[in-house]
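Following: one structure in structure tokens, then a few remarks.
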Amino acid sequence: MRYRRVKGTRDILPHEAEARRGLESQVHEQLSKAGFLPILTPTFEYYELYQRSTGESSDIVTKEMYRFQDMGGRDLALRPEGTPSVMRAVLENRLKIPIRLWYVMPMFRQDKPQKGRYREHTQVGVEVIGEAEPQADIELIKLGFDLFTLMGIKGMFLELNTIGCRECRSGYTEQLTGFLKEHHDELCADCKVRMNRNPLRVFDCKVASCQSILKQAPSQRDHLCSACIEHFDAVKAGLERFSIPYEENERLVRGLDYYSRTVIEFKSSTLGAQDTVCGGGRYDYLMGELGGPPTAAVGFAFGVERALLASRGEGIFEFNQSSIPLLLLPLGDEAKVYSLELLFKLREAGIGVQAEFRSGNLSKQLKRANTRNACKVLIIGENEIASGKFILRDMQTGDQQEVGFDELLNLFCSAKGQSC
RNA sequence: GUGGGUGUAGCUCAGUUGGCAGAGCACUUGACUGUGGCUCAAGAUGCCGGGGGUUCAAGUCCCCUCACCCACCCCA
């Protein structure tokens, strides 16, 4: 094969493309009800935007970005995640805050592909901008929970943590760094790097020896300020009140630098190694970081591909085998021309109709109709053209009737929306 | 970057101790020239991922390489 798709990219073939349309329209409906407005941002931005927001300690920025220069020498990058672009757009276009925005956009990360991980993938993102109260966190989490339930995500569970605010975190990271320095020689190479860049990330480490050291590490819980504790308690109380099951996971810190306080991940046990369907949290400092006014915000994003993987064959985006409600079967050259005319007239009337233009006797045409999964066929031969009456055949039952054009319209318009 | 697995027909996959390249599904044609699905018959389809080596002989054994998948890591 001479031409292949680029590593880590996928062709989304008709049946999956249909499923995605179904998913998107459901998401749109739910989010509209919750007051979210759609937004779309460019596929590439200045590299610096991601560097400043996603952060220097994140894997995304350090090793996964598609970074390039354009002909004007601009330092650009393909969008690896949506939140920075959306916040930039809010700021740049002076959108009125508070505002709730959502998007579905492709994201690009040059990671090594495997199941549920692609170099181009699609995220649905949801951002609540300008709401600092824990109720916003609760509403958002409930929204996600309901959405994933509706989609039929199998083996779903929610992990929850708080990573504090600037004030309480700085004291904690200081203490944590001190602890890590004491154990410097026992740590793995990755953790030695993490220690300096973003010490909280050491909790992500899967190396057994690191984990056993970390058991004795100071707990962030003991360093949360009273405001952060209050916020976290309110969120947890809300989840309990609305019967949203969750697991508290002190190890959950998220790979992006801009989070504060609440962080969440929805996971599915069916996905294997890449089990996170949705990640998110609060990012009260990001707007300020980008040079805007201090603006609290909370949001999440879920991967469309993973959501589909985790719910295959279930939920809202099942789709029907594509079938043709009515297929015109012309017999002979004259009938072909005639059937084209008929095709346009019927379609104008709103009927989902197609025509078979290949030549062949009736036997062959019916065979083709069968292969193409036609519900009903209209046989158009010399006799039919002469009389203006066509034979309408039901491909399932084999019933046939002679119908004129007007009769045909009536039959199909009254049966609109029905499958065969 | 580090492991493991898989590459054979359009698809799913067999292929034995090295001995003519196979099956099922799908496809084409006919039986059936204005009535499909079922059945029967016939047919087409391959750089066996690529390169090199061993051998009288390689899909099969050896070396190299590429691609894809999975896992580590990280995340959606």
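Chain A is the first sequence line, chain B the second, and so forth, proteins listed ahead of strands; every chain is numbered from 1. Side chains included, hydrogens not; waters and symmetry mates left out as well; all remaining heavy atoms used.
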Spacing of the [atom1] atoms in [M] and [N] (rounded, Å):
{"N": "B/rG18", "M": "B/rC56", "atom1": "P", "result": "15 Å"}
{"N": "B/rA23", "M": "B/rC64", "atom1": "P", "result": "35 Å"}
{"N": "B/rC20", "M": "B/rC11", "atom1": "P", "result": "26 Å"}
{"N": "B/rA26", "M": "B/rG37", "atom1": "C1'", "result": "16 Å"}
{"N": "B/rG15", "M": "B/rC75", "atom1": "C1'", "result": "42 Å"}
{"N": "B/rA9", "M": "B/rG46", "atom1": "P", "result": "10 Å"}
{"N": "B/rG49", "M": "B/rC68", "atom1": "C1'", "result": "10 Å"}
{"N": "B/rC47", "M": "B/rG22", "atom1": "P", "result": "16 Å"}

TODO: Could you list the residues that satisfy side-chain hydrogen bond (donor to acceptor under 3.5 Å, both in side chains) with A/R117, not counting sequence neighbours?
DONE: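 Listed in chain order: A/D111, A/Q114.
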- [ ] Could you tell me which residues satisfy side-chain hydrogen bond (donor to acceptor under 3.5 Å, both in side chains) with A/R221, sequence neighbours excluded, listed by chain and number?
- [x]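 Counting only residues at least two positions away or on another chain, A/R221 forms a side-chain hydrogen bond (donor to acceptor under 3.5 Å, both in side chains) with A/N161, A/E248.
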Check side-chain contact (heavy atoms from CB on, under 4.5 Å) between [X] and all other residues, then give those that pass, not counting sequence neighbours.
{"X": "A/L362", "result": "A/L331, A/L366, A/I379"}
{"X": "A/T397", "result": "A/D394, A/D399"}
{"X": "A/E133", "result": "A/Q135"}

In a table with atom names and distances, give each donor-acceptor pair under 3.5 Å that connects a side chain of residues 175-183 of chain A to protein atoms at least two apart or in another chain.
{"from": "A/Q175", "atom 1": "OE1", "to": "A/H223", "atom 2": "NE2", "distance (Å)": "2.5"}
{"from": "A/T177", "atom 1": "OG1", "to": "A/T173", "atom 2": "O", "distance (Å)": "2.5"}
{"from": "A/H183", "atom 1": "ND1", "to": "A/E186", "atom 2": "OE2", "distance (Å)": "3.2"}

When you measure only distances, ignoring hydrogens and angles, does the side chain of [X] come within 3.5 Å of the base of [N] through a donor and an acceptor?
{"X": "A/R117", "N": "B/rC73", "result": "yes"}
{"X": "A/Q274", "N": "B/rC74", "result": "yes"}
{"X": "A/R5", "N": "B/rC68", "result": "no"}
{"X": "A/Q365", "N": "B/rU35", "result": "no"}

Would you kindly give the [atom1]-to-[atom2] distance between [X] and [N], to the nearest whole Å?
{"X": "A/D399", "N": "B/rG36", "atom1": "CG", "atom2": "P", "answer": "15 Å"}
{"X": "A/K112", "N": "B/rU2", "atom1": "NZ", "atom2": "P", "answer": "8 Å"}
{"X": "A/E402", "N": "B/rG34", "atom1": "CD", "atom2": "C1'", "answer": "13 Å"}
{"X": "A/R251", "N": "B/rC75", "atom1": "CZ", "atom2": "C1'", "answer": "19 Å"}
{"X": "A/K63", "N": "B/rC72", "atom1": "NZ", "atom2": "P", "answer": "14 Å"}
{"X": "A/D394", "N": "B/rU35", "atom1": "CG", "atom2": "P", "answer": "18 Å"}
{"X": "A/R372", "N": "B/rC27", "atom1": "CZ", "atom2": "C1'", "answer": "16 Å"}
{"X": "A/L366", "N": "B/rG34", "atom1": "CG", "atom2": "C1'", "answer": "9 Å"}

Open item on the list: Using OP1 and OP2 only, check whether a side-chain N or O of A/Q114 sits under 4.0 Å from B/rC68.
Closed with: no
Open item on the list: On the nucleotide B/rC68, are OP1 or OP2 found under 4.0 Å from the side-chain N or O atoms that A/K7 carries?
Closed with: yes
Looking for any heavy atom pair under 4.0 Å, which part of the strands does [X] touch: base, sugar-phosphate only, or nothing?
{"X": "A/I60", "result": "nothing"}
{"X": "A/E64", "result": "sugar-phosphate"}
{"X": "A/D111", "result": "base"}
{"X": "A/A369", "result": "nothing"}
{"X": "A/M395", "result": "base"}

Polar pairs (N or O, both sides) under 3.5 Å between protein and nucleotides 28-32 of chain B?
{"from": "B/rU29", "atom 1": "OP1", "to": "A/K364", "atom 2": "NZ", "distance (Å)": "2.5"}
{"from": "B/rU29", "atom 1": "OP2", "to": "A/K364", "atom 2": "NZ", "distance (Å)": "2.9"}

Let's see if you can work this out: which of [options] has an atom nearest to the side-chain heavy atoms of [X]?
{"X": "A/E384", "options": "B/rG34, B/rU35, B/rC72", "value": "B/rG34"}
{"X": "A/R4", "options": "B/rC68, B/rG34, B/rG37", "value": "B/rC68"}
{"X": "A/R109", "options": "B/rC75, B/rC72, B/rG37", "value": "B/rC75"}
{"X": "A/L362", "options": "B/rG37, B/rU35, B/rA76", "value": "B/rU35"}
{"X": "A/N361", "options": "B/rU33, B/rA76, B/rG37", "value": "B/rU33"}
{"X": "A/I379", "options": "B/rG34, B/rG37, B/rC74", "value": "B/rG34"}

Extract from the structure each pairing of a protein N or O with an N or O of nucleotides 6-11 of chain B at less than 3.5 Å, listing the distance.
none

Would you call [X] and [Y] a side-chain contact if the rule is heavy atoms closer than 4.5 Å?
{"X": "A/E305", "Y": "A/R10", "answer": "yes"}
{"X": "A/F145", "Y": "A/L158", "answer": "no"}
{"X": "A/F108", "Y": "A/H121", "answer": "no"}
{"X": "A/M105", "Y": "A/T122", "answer": "no"}
{"X": "A/V104", "Y": "A/V27", "answer": "no"}

TODO: Kindly confirm or rule out a cation-pi arrangement of A/K345 over A/F405, judged by NZ or CZ under 6.0 Å from the six-membered ring centre and within 45° of its axis?
DONE: yes
Open item on the list: Holding to salt bridge (Lys or Arg N to Asp or Glu O under 4.0 Å), I want the full list of residues that pass it with A/E131, two or more places apart in sequence or in another chain.
Closed with: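 Partners of A/E131 under the salt bridge (Lys or Arg N to Asp or Glu O under 4.0 Å) test: A/R100.
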Task: Residues from residues 118-126 of chain A lying under 4.0 Å of RNA chain B - heavy atoms - done: A/Y118, A/H121, A/Q123
- [ ] Scan residues 259-280 of chain A for pairs that pass ring pair (Phe, Tyr, Trp, His ring centres under 6.0 Å), counting only residues two or more places apart or in two chains.
- [x] A/F148-A/F266
Task: Which residue lies more 5' along RNA chain B, comparing A/Q400 with A/E81 via nearest heavy atoms - done: A/Q400
Open item on the list: Tell me whether A/T371 contacts the main-chain N or O of A/K367 through its side chain, where contact means a donor paired with an acceptor under 3.5 Å.
Closed with: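 Side chain of A/T371 to backbone of A/K367, a donor-acceptor pair under 3.5 Å: yes, one is there.
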Task: For RNA chain B, stems built from three or more consecutive Watson-Crick or G-U wobble pairs below 3.5 Å - done: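 Detected stem regions: B:1-7 with B:66-72, B:10-13 with B:22-25, B:27-31 with B:39-43, B:49-53 with B:61-65.
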- [ ] Determine the sole option in A/V126, A/L37, A/T83 for which the side-chain contact (heavy atoms from CB on, under 4.5 Å) test with A/Y103 is passed.
- [x] A/T83
Open item on the list: How about CZ on A/R21, more than 12 heavy atoms from neighbouring residues, nucleotides or ligands closer than 6.0 Å, or not?
Closed with: no
